[in-house]
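Structure, as structure tokens:
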Amino acid sequence: MAAVVVEGRAGVTTILAGYLRRPCAQRIHEHMSVRVRFAPSPTGPLHMGGVRTALYNYLFARKHGGQFLLRIEDTDQTRYVPGAEEYIKESLDWCGLVPDESPWKGGPDGPYRQSDRKGLYKQYADELIAKDKAYYAFDTPEELEAMRARLQAAGVAAPAYNAVTREHMKNSLTLSADEVKERHARGEQYVIRLKVPRHAEVRFEDIIRGWVVVHSANIDDKVLFKSDGMPTYHLANIVDDHLMRITHVIRGEEWLPSAPLHVLIYEAFGWERPAFAHLPLILKPDGNGKLSKRDGDRLGFPVFSLDWYDPTTKEKSSGYRERGYYPEAFINMLALLGWNPGTDQEIMSLDELTKLFDLERVHKGGAKFDPEKTKWFNQQYLRMRPDAELGSQLQAKLKASGINATLERATSAAVLLKERATFVDDMLEGAYLFTNGSPLTDNATANEELRKRWKPEVAPAIEAYIDRLASLSPFEPVMLEPAFNEVLQEKGMKVGQVMPIYRLFVAGRMQGPGMFDVSALLGKDEVVLRLKAGLDLCRSWA
Ligand code: GLU
């Protein structure tokens, strides 16, 4: 049987062999009540990888009629960043991934913030000591450093406090019971470490990766309880998952090296452990390494859900929300970063995703992030919005730039403009549909374009078109198009010769909706005025 072997030390993962898909031990039983959690640490803004973890947890819970919990893991006070917890809440709210139980909503297994659970971890560390699965260690930082230096000098590449080295350190395994008692009585500082078995094979089936097998010699005696009276991440995480009755731990690949240690902690307690599913990394667009916080600003796309202002550096990192993305588009894109429904379907609402999602279809290879595809998703969602909604958003944006428009007119314009828009803001390109007078006035770019394209022989065609327009009724695209074509025929000109000039005269730009639609929206008088102004300008150059 092929297996994934993880060398679980200091975040190093080495895959030595193949893997086995679809472990059967963790299939969901009919009567199993699924409970999953998203457990972020409030150390900064939520990276989109974090949102994807929350999303997969949410989808899995919904699909199986279970609960999705949110737990704030803030035991490491030194890494706490003010505002990060609020940010997490706001991000999940924006994405529509509202947890069933959380610090803000409460629930049967609360509190859901580890700093509010501080008091309960010590008894579990004590329980492991009583079971001889953990021990007190009194080593000072200097002693630890000396140990490392000694081992390094002896040629050990990654010195660790483990089943071998603990024999030579100051801990309750090497000191007499009386001495341990005395040290406690003196109030000497200590930590509690896990007593990792010396010769054991740690194995578990990961839903995404298959069998993971690690020899315990590769796992060090991790600190479970710190001298400051706080549990470490590892202890708090396991105790809480157990007390909160978590059935499936779905989290990022960066936690895979910790999983064997977690399995050992469950075994030490004698608790049934949840199933594990470690999600693939999100890679940079070129596939070269993990997408980092800095990539966004470097490559010009957001990596966070919302804008974030670093409270210390005052630096701003941009978010999808403020860039004008729809949360539905953001979520849809994230769902497909590591998973697919097995068909070509790409556009899926949260409800559809819930029906289709399956952890066993999550792939283990890294998922390349594609900023262009992300924009494509937004474009698709924008096109699906009701015209009236886009109209009123366009109306508001126009107003902010000093242009008044009726809702009716803004809606008609939005219908035309949405085809080329990725964001609502892009529709402001069509501001010329709402202003009066020639769009060439004070428009250097348009003037330059026109100078390149203008040929005096186009003038008679434009003049003839102006004449036709005078008697045209109704002033609709179906009438405008044949009128234009007749003029071309009459003057022996091609569309490509006249249309760009028509477009620059009336719209002042080379891109945009069809000119017959644009003209109908502007109305006869305005179109004629702009065509004449354009002709006057070009003639003034002669
Ligand atoms: N607090 C950890 C984090 O910040 C949670 C890891 C886990 O889900 O177990 O990602």
Side-chain angles (χ1 to χ4, degrees), residues 6 8 11 13 26 34-61 67-81 84-85 87-89 91-92 97 99 101-103 109 111-118 121 204 206-209 212 222-224 226 230-266 271 273-282 290-293 303-305 308 334 338 359 362:
V6 178
T13 307
Q26 288 132 350
V34 164
R35 284 171 70 78
V36 294
R37 85 304 192 268
F38 176 48
S41 298
T43 54
L46 207 53
H47 183 272
M48 65 179 159
V51 183
R52 188 197 56 177
T53 301
L55 171 65
Y56 284 13
N57 273 283
Y58 172 94
L59 294 175
F60 186 74
Q67 282 96 42
F68 166 53
L69 285 68
L70 182 127
R71 180 174 73 230
I72 294 288
E73 301 211 320
D74 58 350
T75 51
D76 189 351
Q77 300 287 327
T78 57
R79 295 183 61 218
Y80 180 81
V81 174
E85 186 181 313
Y87 182 100
I88 291 166
K89 179 177 187 304
S91 293
L92 296 182
L97 306 176
E101 299 168 29
S102 68
D109 295 325
Y112 294 89
R113 193 182 287 113
Q114 286 183 331
S115 56
D116 295 338
R117 303 168 66 79
K118 271 210 274 265
Y121 302 108
F204 66 94
D206 184 282
I207 297 176
I208 296 164
R209 283 145 213 282
V212 175
K222 280 271 178 322
V223 173
L224 300 177
K226 296 179 284 183
M230 286 291 267
T232 57
Y233 152 74
H234 300 293
L235 179 69
N237 184 269
I238 270 87
V239 166
D240 287 346
D241 280 348
H242 173 71
L243 296 178
M244 294 178 180
R245 300 168 288 135
I246 298 303
T247 56
H248 296 75
V249 166
I250 304 168
R251 62 184 173 189
E253 181 176 311
E254 64 274 24
W255 296 102
L256 185 59
S258 300
L261 171 78
H262 294 176
V263 168
L264 279 178
I265 302 177
Y266 279 105
W271 292 339
R273 62 169 188 252
F276 289 107
H278 289 91
L279 306 177
L281 292 176
I282 298 182
K290 191 176 156 181
L291 184 71
S292 81
K293 297 181 181 186
V303 290
F304 300 111
S305 44
W308 167 256
L334 282 180
L359 264 185
V362 173

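Keep in mind it's a predicted model, so treat the numbers as computed, not measured. In each ligand, atom 1 is the first atom listed, and ligand 1 is the first ligand listed.
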List the closest protein heavy-atom neighbour of [atom]: residue, atom name, distance to the nearest 0.1 Å.
atom: atom 8 (O) of ligand 1; result: Arg37 NH1, 2.8 Å
atom: atom 6 (C) of ligand 1; result: Tyr233 OH, 3.3 Å
atom: atom 10 (O) of ligand 1; result: Trp255 NE1, 3.2 Å
atom: atom 2 (C) of ligand 1; result: Ala39 O, 3.3 Å
atom: atom 4 (O) of ligand 1; result: Ser41 OG, 3.2 Å

Mind checking whether His262 has a heavy atom under 4.0 Å from ligand 1?
no
Contact between Phe38 and ligand 1, counting heavy atoms under 4.0 Å?
no
Counting C-beta onward and ignoring hydrogens, is there a side-chain heavy-atom pair between [X] and [Y] closer than 4.5 Å?
X: Glu253; Y: Arg209; result: yes
X: Ser305; Y: Tyr87; result: yes
X: Leu92; Y: Phe38; result: yes

Distance filter under 4.0 Å to Asn237 heavy atoms, resulting ligand 1 atoms
7 (C), 9 (O)
Numbering the atoms of ligand 1 from 1, which are under 4.0 Å from a heavy atom of Glu73?
1 (N), 2 (C), 5 (C)
Looking only at distance, does Val249 have an N or O less than 3.5 Å from an N or O of ligand 1?
no
Sole candidate of Ile72, Leu70, Leu69 that passes side-chain contact (heavy atoms from CB on, under 4.5 Å) when paired with Tyr112:
Leu69
Salt bridge (Lys or Arg N to Asp or Glu O under 4.0 Å) with Asp241: of Arg273, Arg251, Arg71, Arg35, only one passes, and it is Arg71
Residues Tyr233 and Glu73: side-chain donor-acceptor under 3.5 angstrom:
no
Would you call Asp74-Arg113 a salt bridge at under 4.0 Å N-O?
no
